[in-house]
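Contents: one structure, followed by commentary.
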Amino acid sequence: MINVKILTGYPEMFPGGLAYSIIGKALKENIFTIETINLHDFGNDNRKSVDDEPFGGGPGMILRPDVVEKALLSLPNIKNSKSTKLYLTPSGSLLNQKKLGVLAKLDEIIILCGRFEGVDQRAIDILGFEEVSIGDYVLAGGEIAAQVLLEGCIRLIPGVLGHPESLLEESFSSNLLEYPQYTRPKVWEDSLGNKHDVPEVLTSGHHNNIKKWRLNKSVEKTKKIRPDLYIKKKQKQD
Ligand code: ADE
């Protein structure tokens, strides 16, 4: 079981997408829990402001360190806790499948979601937040990024996936992209009247040939659209 605590200015964004499908089922079954802490409850002055202008000038507003600390200290037992604390930001280290596997084994994860131009660096350094990015692009805030991270992590907890064997073959566990998949109808006639058959080998019943075909397709696809991954795979083999 993972207890997730989320520090956010938009608590109503949770559980959001995490309430659906297999992740939603895991939430109902208490395989993980989500608690949100509203940063606005810890704002300063009578306007309850949580952000301020950046020192040195520049656009946007920065989340204040005192607000982040107060929100964090509102969590029970936080002083003795060794919980992993993540701050979701495009300037963090890139999230990958291996990191999700590490996170899926934790008992508690605390996630700080930034909005504005960012968070005062002292809050990150002094309070011990690890900066994590979900990709080389910029979102408007960390809430959706937190849901991406949690969805990827929670599906790895034993018992969450209906078919755990699908974890073995999926993209990234072997540095290869997944092979293409097909289902019924065997011959699909599209709206223009063109007919499209599925690759013959898949309906041959010849398991060894199917395995070989799938591996070939995975390699072909990875070389073409993720040459960086293919190089990584080669390096691991050598
Ligand atoms: N917040 C805004 N963009 C983000 C990203 N790419 N990853 C994590 N958090 C973010």
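In what follows, every heavy atom counts, from backbone to side chain, and hydrogens, waters and symmetry copies are set aside. Atoms within a ligand are numbered from 1 in the order they appear, just like the ligands themselves.
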**Report entry** Taking every non-hydrogen atom, the tightest pair across Leu27 and Leu18
**Finding:**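 Heavy-atom minimum between the residues: CD2-O, 4.0 Å.
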Query raised in the report: Of all heavy-atom pairs between Leu39 and Val67, which one has the smallest distance, and what is that distance?
Result: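 For Leu39 versus Val67, the nearest heavy atoms are O-CG1, 3.7 Å.
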For [X], the ligand 1 atoms whose distance to one of its heavy atoms is below 4.0 Å:
{"X": "Val132", "answer": "8 (C)"}
{"X": "Ser133", "answer": "6 (N), 7 (N), 8 (C)"}
{"X": "Gly141", "answer": "1 (N), 2 (C)"}

Query raised in the report: Can we say Lys85 and Glu130 salt-bridge, meaning some charged N sits less than 4.0 Å from an Asp/Glu carboxylate O?
Result: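 So Lys85 does not pair with Glu130 through a salt bridge.
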**Report entry** Hydrophobic cluster identity match, Leu106 and Phe32, side-chain contacts under 4.5 Å
**Finding:**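 In one cluster with Leu106: Phe32, yes.
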Query raised in the report: Applying the 4.5 Å side-chain criterion to the ILVMFWY set and letting contacts propagate, would Val201 and Tyr182 be lumped into a single cluster?
Result: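 Looking at the clustering, Tyr182 is in the same group as Val201.
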What residue and atom, counting heavy atoms only, is the protein's closest point to [atom], and at what distance?
{"atom": "atom 7 (N) of ligand 1", "value": "Ile134 N, 3.0 Å"}
{"atom": "atom 6 (N) of ligand 1", "value": "Tyr137 O, 2.8 Å"}
{"atom": "atom 3 (N) of ligand 1", "value": "Leu139 N, 2.9 Å"}
{"atom": "atom 4 (C) of ligand 1", "value": "Pro90 CD, 3.5 Å"}

Report task. Tell me, yes or no, whether the heavy-atom count around Lys223 atom NZ, taken from other residues, nucleotides or ligands under 6.0 Å, exceeds 12. Result ->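 Incorrect, the count does not exceed 12.
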Query raised in the report: Within the structure, does Ala145 bring an N/O atom to less than 3.5 angstrom of an N/O atom in ligand 1?
Result: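 No; every N/O pair is 3.5 Å or more apart.
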